[in-house]
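To start, the structure under review is shown below, and the notes come after it.
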Amino acid sequence: MKKLALIGLCAALCFQMTACGGPGAAQKQKEEALALLSSDKLESGEFVIDGTKYAFPSVLSDWTGNGWHVSNRYDNADTFELEYNIESNEFELFNDEKESEYVSVCGINLGAEPVKLEQSTVSYLDLKVSQGKDAMFVVLPGGITCESTKEDVIAAYGEPSEEEDDYLYYTYTNADGLDILVGIRVAFETVDKVYYKLADSNWGSVANAEECSSFIDDALKTSFYGDYASYVEKKFDTEEGAAELYESEIEYYAQGLMYYLAVDYETVSEEIADGFRDIARQILEKVKWDTPVVDLPDGATYGSVEITMYPVDFLDIILEDAQAVADTGVEGDDYAQGMLDAITPKVAETNYLEPVVGSYDIDIDDGVISADDWNEIDDILMDFME
């Protein structure tokens, strides 16, 4: 699912283009730019700015490594990190050589680990085309520039999939399987604006209470059972990302269990840690919940969900045996192994505590359930709540 993380970066994007030095020089620049492009198809995602080829989508460092910098107004640009599948707000990139040139982009983290903004993927790029004196000279595949007409665009790319408010919209799926939306605006007879974005179809969405309930249920099955076929099919995550989510839950429970037993998970041997992870997998398979009950009026984006959860009682039933190990006075890996040996037979005896009913706000435009509420649901089901 795609969420928005505001990092204090906001701007209107302008991507100004012009033919510099007269018709002859402009034609030469255009020919040199076309020679850099690998295709004349819009689907290539390529374009040339002042003799340098760029592509959409790309890593933001492709821009900063080519003479662009994040606006100096944003003092957190070097330290801010995007979490997995989080998209930033718009922010400006300025050209280091031409003060008047700037672009505005959004970044998204498509990787499993948090990344700094510069390592994020450009998910949105809006180009305001201009023939201004100090504007950049930009060439799109097929030779489309600020001098191109609507007829030129259609001749180069074919009939648009949609046309509205002077925009010609084109959609395609790139080689990485990402759906791309391109909007090209023609005003006063020539192209004056172009934008690229990762289409919303790349991420699952919910539109009503039934879909919201299904999403929450699928997310829980992914987290606790590693059953993510439906979650991935509905594009709420990639298979890699869903697997990472499941493994992170295993690690979270395993470390929580070791902490509960006073086992130092930072120094314990990897073999023993794997033993605790195996227990974690078995315990998480036992957690259960009732189908989420969602209150989301027709057409609304805000609502609530009620989830009846059945926490496992594993931490309670191992306490006596764990205390016996602690009373032996052994330490280090001997202690950790003793704990592992003592609690392993208890896995088969695991049952449930009294059900807990949780009620949470939902916002279908912003991840459905907040990160804090997801964490609370995890802790309730794992019996980690204090």
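Index from 1, following the sequence. None of the values given here were measured: they were computed from a predicted structure.
Side-chain contact of S230 with D218: a donor-acceptor pair under 3.5 Å is present, judged by distance alone. A side-chain N or O of D179 and one of S201 form a donor-acceptor pair less than 3.5 Å apart.
Applying the side chain to side chain donor-acceptor pair (under 3.5 Å) test to every pair with at least one member in residues 257-267, sequence neighbours left out, gives these pairs: D264-T267.
C212 and V368 get closest at one heavy-atom pair: SG-CG1, 3.6 Å.
In this structure, Y170 and Y157 have perpendicular ring planes: the angle between them is above 60°, well past the 30° mark. Between Y225 and W289, the ring planes lie parallel to each other; the angle is under 30°, not in the 30° to 60° tilted range.
Residues Y167 and V194 fail the side-chain proximity criterion, which asks for heavy atoms closer than 4.5 Å. In this structure the side chain of I362 reaches within 4.5 angstrom of the side chain of V294, judged on heavy atoms.
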For this session: Check step by step if salt bridge (charged side-chain N to carboxylate O under 4.0 Å, His left out) holds for E31 and K28.
Result: CA-CA 5 Å; E31 291 173 356; K28 182 179 179 182; over 6 Å; no
For this session: Go through the steps to decide whether Y310 and V356 satisfy the test side-chain contact (heavy atoms from CB on, under 4.5 Å), and finish with yes or no.
Result: CA-CA 6 Å; Y310 301 85; V356 176; over 6 Å; no
Exercise. Going through the distances and angles, do F384 and Y253 end up as a ring pair (Phe, Tyr, Trp, His ring centres under 6.0 Å)?
Worked result: CA-CA 9 Å; F384 281 170; Y253 188 83; 5.2 Å; yes
Problem set entry | Full working for side-chain contact (heavy atoms from CB on, under 4.5 Å) between E46 and Y54 | CA-CA 6 Å; E46 298 177 346; Y54 297 87; over 6 Å; no
Problem set entry | Criterion salt bridge (charged side-chain N to carboxylate O under 4.0 Å, His left out) on E249 and R281, from CA distance to verdict | CA-CA 9 Å; E249 294 283 17; R281 287 186 176 85; over 6 Å; no
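Partner of I283 under the side chain to side chain contact (heavy atoms under 4.5 Å, CB included) criterion, out of I250, V312, L381: V312 alone.
To the nearest 0.5 Å, atom CD1 of residue I154 and atom CD1 of residue I184 are 10.0 Å apart.
For D298, the CG atom sits in a loose shell: 12 or fewer heavy atoms of surrounding residues, nucleotides or ligands are nearer than 6.0 Å. Within 6.0 Å of CD on E271 lie no more than 12 heavy atoms contributed by other residues, nucleotides or ligands. By the neighbour-count criterion of 12 heavy atoms within 6.0 Å, atom CD of E239 is sparsely surrounded, having that number or fewer from other residues, nucleotides or ligands.
The existence of a salt bridge linking D166 and R185 is excluded, since no basic side-chain nitrogen approaches an acidic carboxylate oxygen closer than 4.0 Å.
For the pair K288 and Y352, the cation sits on the ring face: its NZ or CZ lies under 6.0 Å from the ring centre, inside 45° of the axis.
Ring-centre distance between F215 and F236: below the 6.0 Å cut-off.
In this structure P345 satisfies the side chain to side chain contact (heavy atoms under 4.5 Å, CB included) test with no other residue, sequence neighbours excluded.
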